[in-house]
Each structure stands twice: as structure tokens, then as C-alpha cells.
Engineer: 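For reference, the structure I am asking about is given below.
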Amino acid sequence: LWQSVPLAPPDSIFKLTATYKADTFPQKVNLGVGAYRDDDNNPWVLPVIKKATQIILNDDKLDHEYLPITGLPEFTSAAAKLILGANSLAIADGRVSSVQTISGTGANHLGALFLSRFYGWDAEKKVYLSNPTWANHQAIFRNVGIEPVDYPYYDPATIGLDYKGFINSLETAPPRSVFLLHACAHNPTGVDPTQEQWKAIADVMLAKNHYAFFDCAYQGFASGDLDNDAWAVRHFVDRAVPMLVCQSFAKNAGLYGERVGALLVIAPSAEGANRVRSQLSVLQRSEISNPPSHGARLVSLVLNDTGLFEEWKRDIRTMASRIIEMRKELHRLLTEELKNPRNWDHILNQIGMFSFTGISPDQSKALIEKAHIYLTANGRISMAGLNSHNVRYFAENLDKVTRG
Ligand code: PMP
């Protein structure tokens, strides 16, 4: 048995972390992992989440019963308000179906599965993904029979957005194509469209009747402000672009392993939303039966209590500000102290946890092999892996490898 099962390669990001852990070099640096670290390189449990955990521990009435199939209602309704806005007309009209999922990955999966079954495809099932994108997107869509195709997104020449290529792809794709859009803090590039560009993207999406599959894994992490980071999603809802949104609370609530997320599908009418919700519920039942309760309870407490919500916003600003500080310090060291001849402005301009440095796969490899600095081959670094103790060491080595 299993003679014909080929050996699969290990996941590259998880492998990178394992190699970093096994490395005994004292000054080793891990810039691969997409998780926030504090200035001492430790995982950070948000103070507001510690508080919410205490509240749960002290609640004698809590039990371990199953949640409803579509999740904890207080969580899903608050999560929808968080991304669409407390005064969202779509919510008031009852046009939003929200389902609790296994973090952002589960939201992507359920969204993809729902589209695969019910989108009413005119031809072959295809999804347009930004080139590059989060490494898991391709597999998630392939798993449900949707073929991923690339749309231009990143321009290596400017280390910025290939806006023309992106718009051209929207214009030339067949009508009713599905485009996956990163709501903010694009992974892996850290390059986001401006508000003006988002408006023009929405214009073409409407003209071509395309479907927007928003993936929002970093709300709050891009600008430090939850509403700002939801701007594109809210703009698309206001313009009535057909769409769904995948939400993750892994990064902004530091709840990586608790797997807290939601899928929101926005329908043209309340009656349509009801039918959508009924089918999402059927799909969810066969996939996971019902979602886990602990993380959703924590987030629900934070979202539904004014005091805790304000504290959460402060915690998010703490994380976002530390990352922005690291961007500034890395830029200062490279340009002012080390006088590296390259332009490093993209380090300042890019948004969120990740930065595309623009270095080559060979230079990334040299950083790993010669300096014990771990990063992905595409030159992406997680700014959260930098801190006041290691940023100079990283800048010096980045300076060295880019001088050749
Ligand atoms: N989408 C994107 C773009 C991501 O970067 C991530 C996390 N790396 C996710 C979705 C999903 O993460 P999780 O399942 O941990 O919420």
C-alpha cells in the first residue's frame, strides 16, 4: 500500500523556521516567519487578550458545548462590523452572511468552496491571483477545483505596484472573472494600491462585472488603524462590487494558534443573503461540523466591550508602531550610516509586516549561509523579526551582500 504516493517537499516557511531553531549561532535572526515578535524577539500575548482570558476563566457558566454550525453569533456579527463599519448599510439591510471559520485559511477555503459550487461559472473555473501572493492561495483554490492564474502586481523595476499591468489584466479578463485582492498589507510584497488606485480598480471590476475575493489577514497592521485598513473593502461594498471577505484574527489579536476567522459574503438582497447563509452552513457542516469556541469567545469579548475594544486598538498601535520604527531604523542605517549605494525608500513606503527588499535569491541565500539571517528566497523579510538588538547586524549584512 501507498507505493505510488510521492514524497512531498516540506512547506518552505515552516522548514525555514525549523532550520532557524536548530541553528546554534548566537546572533541568528529569523525574518521568515509571519508572526509578531516584541523587541526581545518573543511572541507577544496582547494585554487585552490576557484580560479577556481572565474573564473567561472566571466565568463559571461557560461550558464546552458545540457552537452553532456558523459559529458564535456575537463573534460573527461583531467581526462583520469591524471590517464593514459599525454603520454599514449592507449589514443594516441584512445582506451580509457571516460564518466563523478556521482562521483566515479556513475563510479562504470556505469562500473558494462556496464559489466553486455556486458561482454559476460561464466557463472553466479560474481565480486571478496577484503575482506574487501568499504561498497558500494556489493550493487552497486548486483543492476545490478552481485553477489559479496570475495577474501582474509587483514591479521589480520600481519595487512597487505594477498598476498598469494590474488594470490591464482586469480589463482583458473575461467578464465575471474572480479576482483575489489583498485588502491591506499585501503579503509578500508590502505594496498596496493607493485609495485613488483602488477606486479605479473598483471602476473596472464594476464595468466587467468581476467578483472581488478579498483576503484581509492584517486589518490594523498596515496603518495601525482598523478603519483605515478596511478602506478598500468598505469602498467596494459602497460601490456594490460583488464580493466576499476573508477575515483573520491571527495577527491583529495575536491569536495565531487559536484559529479565529470569519467569511463574509455580501449579497444583493437580504433574501439572497439568507440562501447564501443556508448553503455556507451546509458546506461548513460537512467540513468541520462547527468551529472552535475559545478564540472566538476571546475576540467576541474584545469586540463587544467598549473598554476592551479601546485597549485592543492601543495594543494594535503598539505592534504597528514598533514595525514602523524598525522600517525607519533599517532605512537610516543603510542609507545614512552605511552609505549603501542602493535606493532603500521602499523599506519606508511598504506597508504592514512584510517588506520585499528587492534582493536576489542568491543574495538571500548568502544572508542565510554566511550571516545566519533567515528569510525567504524571494527576498521577503518580516519586519517583526527585527528589533533594537539585531537591526544593526541585519543592516550590516544586507549592506555587504548588496555591495557584491
Ligand atoms: N491570507 C494571507 C494573505 C496571509 O498572509 C495569511 C497568513 N499568513 C492568511 C491568509 C491566513 O492566516 P491564518 O489562517 O493564520 O489566519
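In listed order, ligands and their atoms are each counted from 1.
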Engineer: Show the protein residues that qualify under the rule heavy atom under 4.0 Å from an atom of ligand 1, listing them in chain and number order.
Structural biologist: Ser103, Gly104, Thr105, Trp134, His182, Asn187, Asp215, Ala217, Tyr218, Ser248, Ala250, Lys251, Arg259
Engineer: Are Phe213 and Tyr119 close enough that their ring centers fall under 6.0 Å?
Structural biologist: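 No: the rings miss the under 6.0 Å criterion.
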Engineer: State, with a plain yes or no, whether a side-chain heavy atom of Asn378 is found less than 4.5 Å away from one of Pro132.
Structural biologist: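 Result no, sub-4.5 Å side-chain heavy-atom pair not found.
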Engineer: Using atom types as modelled, flag every donor-acceptor pair under 3.5 Å from a side chain in residues 256-267 to any protein atom, sequence neighbours excluded.
Structural biologist:
unit_1: Tyr256; atom_1: OH; unit_2: Tyr36; atom_2: N; d: 2.9
unit_1: Arg259; atom_1: NH1; unit_2: Ser103; atom_2: OG; d: 3.3
unit_1: Arg259; atom_1: NH1; unit_2: Tyr256; atom_2: O; d: 3.1

Engineer: Could you tell me which residues satisfy ring pair (Phe, Tyr, Trp, His ring centres under 6.0 Å) with Phe356, sequence neighbours excluded, listed by chain and number?
Structural biologist: Tyr154
Engineer: Show me the donor-acceptor pairs, under 3.5 Å and distance only, between side chains in residues 365-375 and residues at least two apart or in other chains.
Structural biologist:
unit_1: His372; atom_1: ND1; unit_2: Asp23; atom_2: OD1; d: 3.3
unit_1: His372; atom_1: ND1; unit_2: Asp23; atom_2: OD2; d: 2.7
unit_1: Tyr374; atom_1: OH; unit_2: Asp23; atom_2: OD2; d: 2.6

Engineer: Which one of Thr357, Ile359, Ile159, Leu398 satisfies the side chain to side chain contact (heavy atoms under 4.5 Å, CB included) criterion with Arg342?
Structural biologist: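 Of the listed residues Thr357, Ile359, Ile159, Leu398, the side chain to side chain contact (heavy atoms under 4.5 Å, CB included) partner of Arg342 is Ile359.
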